[in-house]
Amino acid sequence: MITGRPLFTTEQIHEKVVELAGAIYRDYEGKEVLAVGILKGAFVFFADIIRALKLPVTIDFIVASSYFKTVSKGETTIYYEPREPVRGRNVLLIDDIIDTGISLNKIRAKILSQVPASLKICVLLNKKERRVIDVPVDYVGFDVPNQFVVGYGLDYENKYRNLPYIAVFKKET
Ligand code: IMP
Ligand code: MG
C-alpha cells in the first residue's frame, strides 16, 4: 500500500525536471543528444525530460530488468538495445532511480563498448545507501531514503506506474 503523503508531489517533480533539463542544456549547448531511456521505469521521467530539453534530441530505449517484487535480484537482463547507432553520438542515459547501481553499470559498459562520443547519465532518484557499484551519475534529481518508492513510472509488481507523484510503498502485513 501507499503510505502517507507523497514523497515528491507532481509540482516538485516538475520543478526538478525543468532544473535538470537546464543543467543538461548548459552542458550540451550546440550539440545533438541521443537520449536513451531505460524501460520500463524511466518512461514517464523520460517523456517529461526530453520535452523540457531545448536541444536537438533523437530517442531510443533499453529494456532491462533486475527486480523481483521489492528485492533486486542482483543481476540485470537486457531485453532490448538501441537500434540507433551509438558510435560517435552524445549519449544521455536516462533512468528513474539508481539503487545498487548494478543495472546502470551493466548498461553503461554496454554503451561504452560501442564507442559513443560521450556518455552521461541522468537519474531522477538516487538511493545512495544501497549502492554496491559506484557508477558515475552526472545529473541527479532527488536523493531518497532506503525505502521502496512507487509512482511516476516506478512500480511494485508493475503497478502504480501511473501515479502522478512519488510515494513510499509498504507491503501490507
Ligand atoms: P539497481 O540495479 O539496483 O540500481 O536498480 C535499478 C532499477 O531497479 C531501477 O531502474 C528501478 O527500475 C528499480 N528500482 C530500484 N529501486 C526501486 C524502488 O524503490 N522502486 C521501484 N523500482 C526500483
Ligand atoms: Mg529501471
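Both counts, for ligands and for their atoms, begin at 1 and track the order of listing.
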For S103, the atoms of ligand 1 under 4.0 Å from one of its heavy atoms are 1 (P), 2 (O), 5 (O), 6 (C)
Give a yes or no on whether the ring-centroid distance for F61 and F46 is below 6.0 angstrom.
yes
Based purely on interatomic distance, does K127 place a nitrogen or oxygen under 3.5 Å from a nitrogen or oxygen of ligand 1?
yes
Examine T76 against ligand 1 and note whether any of their N/O atoms are separated by less than 3.5 Å.
no
Atom OH in Y139, atom CG in L124: separation rounded to 0.5 Å?
15.0 Å
Please compare N146, T100, V144 and report which has the shortest non-hydrogen distance to atom 1 (P) of ligand 1.
T100
I94 CD1 to I62 CD1 distance, which is reported to the nearest 0.5 Å
11.5 Å
Would you call I98 and L125 a side-chain contact if the rule is heavy atoms closer than 4.5 Å?
no
Decide whether an N or O pair under 3.5 Å exists between D155 and ligand 1.
no
List the atom pairs, donor and acceptor, that lie under 3.5 Å between side-chain atoms in residues 159-167 and the rest of the protein, sequence neighbours left out.
unit_1: R161; atom_1: NE; unit_2: N158; atom_2: OD1; d: 2.8
unit_1: R161; atom_1: NH1; unit_2: G153; atom_2: O; d: 2.8
unit_1: R161; atom_1: NH1; unit_2: D155; atom_2: OD1; d: 3.4
unit_1: R161; atom_1: NH2; unit_2: D155; atom_2: OD1; d: 3.4
unit_1: R161; atom_1: NH2; unit_2: D155; atom_2: OD2; d: 3.4
unit_1: R161; atom_1: NH2; unit_2: N158; atom_2: OD1; d: 3.1

For V149 and ligand 1, does the shortest N/O to N/O distance drop below 3.5 Å?
yes
Below 3.5 Å, N or O to N or O, backbone or side chain included: is there any such pair between F148 and ligand 1?
no
So, are D134 and R131 salt-bridged, with charged N and O less than 4.0 Å apart?
no
Please verify whether a non-hydrogen atom of V150 lies at under 4.0 Å from ligand 1.
no
Donor-acceptor check, side chain of D95 to backbone of V123, threshold 3.5 angstrom: yes or no?
no
Winner among G153, G101, P145 once heavy atoms are compared against atom 4 (O) of ligand 1:
G101
With heavy atoms under 4.0 Å as the rule, classify the contact between K40 and ligand 1 as side chain, backbone, both or neither.
neither
Between ligand 1 and D95, can you find any atom pair, the residue atom being a heavy atom, that is separated by under 4.0 Å?
yes
Could you list all the salt bridge (Lys or Arg N to Asp or Glu O under 4.0 Å) pairs where at least one residue sits in residues 20-34, not counting sequence neighbours?
D27-K120
